[in-house]
Q: 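So that we are looking at the same thing, I have put the structure below in structure tokens.
If you're wondering where the values come from, they're calculated on a predicted model, not measured in any experiment. Numbers for residues simply follow the sequence, beginning at 1.
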Amino acid sequence: MTALRSNRLALLAAATACLLALALALVFFYAPLDADQGFVQKIFYVHVPSAIVALGGFVAAGVMGALYLRSGNPRWDLRSYVSIHLSVIFGCVVLATGSIWARASWGHWWLWDEPVLVSFLVIFLLYCVYYPLRYSIDDRERQARAASVFAITAGAFVPVNFIAVRLAESFTHPRVLSQTGGNMPGEMRLTFLVALAAVALLYVTLCRLEIAAKTLSAQVSELRRALESAHVGALPGGARASGSQAPSTPATSTGTGG
């Protein structure tokens, strides 16, 4: 079973690498230069897909949090944690590439009166609270429940914020999925869609790898505890010594508890 999972992960990683290579080839050798922004517009193919995938990952984490509260299965808590973790990393990419793009296009690294930029920053900072909230609770079950409630609440806020911001009247930031996206030339649209698929597949691959790593780490920890308990129990007076051991953690401990 482990070998089968390893083969699947290897195939997934290979498919991701191929799709990323195809996306890069299209970005640099197929998509035309933007008439106004020139070469710096190429960052669009990283910035926008990363933003879409990060926001989608936040919403998915909320769904997984709801599944944990409903089933009590610790695997959903782990998946919710990993989804938020990687979405925050992708959010860092969005903020960095967005600032570079803004500097080249608008002459400013950041515009505080631009609702799209500020709303994404608010969402990003909101999810940065997830870590201190989770790790401030020692009990594993309470930690998972609190993290799931947070993921659901924040995940519901993401689409509401997304829609509310786009109902605003004034925009400096291009609206890729409506006006600008509809007016993109065919080469740009194809490149954007391939780049979006590549970034999404990269996200899925990283999620699978992190989940596999944390699951394996938890199994090793449980095996180590079992060996230590067996060793202590074999010693004279082992029953008394083993009684002082900390209670074992559930399978959800998979590293998400810090």
Side-chain angles (χ1 to χ4, degrees), residues 11-60 86-124 158-159 161-209:
L11 290 174
L12 187 60
T16 302
C18 291
L19 195 55
L20 284 172
L22 175 61
L24 289 174
L26 292 175
V27 168
F28 291 109
F29 302 110
Y30 177 71
L33 289 178
D34 183 83
D36 297 326
Q37 302 179 46
F39 186 78
V40 73
Q41 186 268 343
K42 299 287 186 182
I43 206 170
F44 158 85
Y45 301 107
V46 175
H47 173 71
V48 179
S50 297
I52 294 174
V53 171
L55 293 176
F58 288 142
V59 175
L86 289 175
S87 293
V88 169
I89 294 175
F90 275 58
C92 293
V93 175
V94 174
L95 293 174
T97 54
S99 294
I100 296 172
W101 191 5
R103 176 65 175 174
S105 299
W106 305 331
H108 300 280
W109 294 105
W110 189 265
L111 292 177
W112 286 106
D113 58 349
E114 172 51 50
V116 176
L117 302 183
V118 176
S119 68
F120 189 89
L121 179 62
V122 169
I123 292 174
F124 176 80
V158 171
N161 179 268
F162 182 86
I163 295 172
V165 167
R166 277 150 184 81
L167 291 177
E169 295 181 354
S170 61
F171 278 99
T172 302
H173 192 284
R175 301 169 71 174
V176 176
L177 296 181
S178 55
Q179 297 173 356
T180 306
N183 295 329
M184 277 193 298
E187 296 89 343
M188 284 187 175
R189 186 183 300 111
L190 175 62
T191 303
F192 169 72
L193 292 176
V194 174
L196 177 59
V199 173
L201 192 58
L202 175 64
Y203 180 89
V204 172
T205 302
L206 292 176
C207 279
R208 296 289 297 272
L209 287 172

Q: If you take all heavy atoms of Phe39 and Leu33, which pair is closest and at what distance?
A: CA-CD2, 3.8 Å
Q: How long is the straight-line distance from CG of Leu24 back to OH of Tyr45, given to the nearest 0.5 Å?
A: 12.5 Å
Q: What's the shortest heavy-atom distance between Ala23 and Ala195, and which atoms?
A: CB-CA, 4.0 Å
Q: Please report the shortest heavy-atom distance between Trp109 and Ile100, naming the atom on each side.
A: CZ3-CA, 4.0 Å
Q: Got a donor-acceptor contact below 3.5 angstrom from the Ser105 side chain to the Ala102 backbone?
A: no
Q: About how many Å separate CG of Leu201 and OG1 of Thr16, when rounded to the nearest 0.5 Å?
A: 3.5 Å
Q: Between side-chain atoms of residues 89-99 and protein atoms elsewhere (two or more places apart, or another chain), which donor-acceptor pairs fall under 3.5 Å?
A:
unit_1, atom_1, unit_2, atom_2, d
Thr97, OG1, His47, ND1, 3.0
Thr97, OG1, Val93, O, 2.7
Thr97, OG1, Val94, O, 3.2
Ser99, OG, Leu95, O, 3.0

Q: Under 3.5 Å, is there a donor-acceptor pair linking the side chains of Ser50 and Tyr203?
A: no
Q: Look up atom CG in Leu26 and atom CE in Met188, then write down how far apart they are to the nearest 0.5 Å.
A: 13.0 Å
Q: Looking only at non-hydrogen atoms, find the nearest pair between Pro32 and Glu187 and report the distance.
A: CD-CB, 3.6 Å
Q: For residues Leu111 and Val118, report the shortest heavy-atom separation together with the two atoms involved.
A: O-CG2, 4.2 Å
Q: Working to the nearest 0.5 angstrom, can you tell me the gap between Trp110 CH2 and Leu117 CG?
A: 5.0 Å
Q: What's the separation between atom OG1 in Thr191 and atom NZ in Lys42, rounded to the nearest 0.5 Å?
A: 7.5 Å
Q: Just wondering, do Leu22 and Leu19 contact through their side chains at under 4.5 Å, heavy atoms?
A: yes
Q: Roughly how far apart are Glu114 CD and Trp106 CH2, rounded to 0.5 Å?
A: 5.5 Å
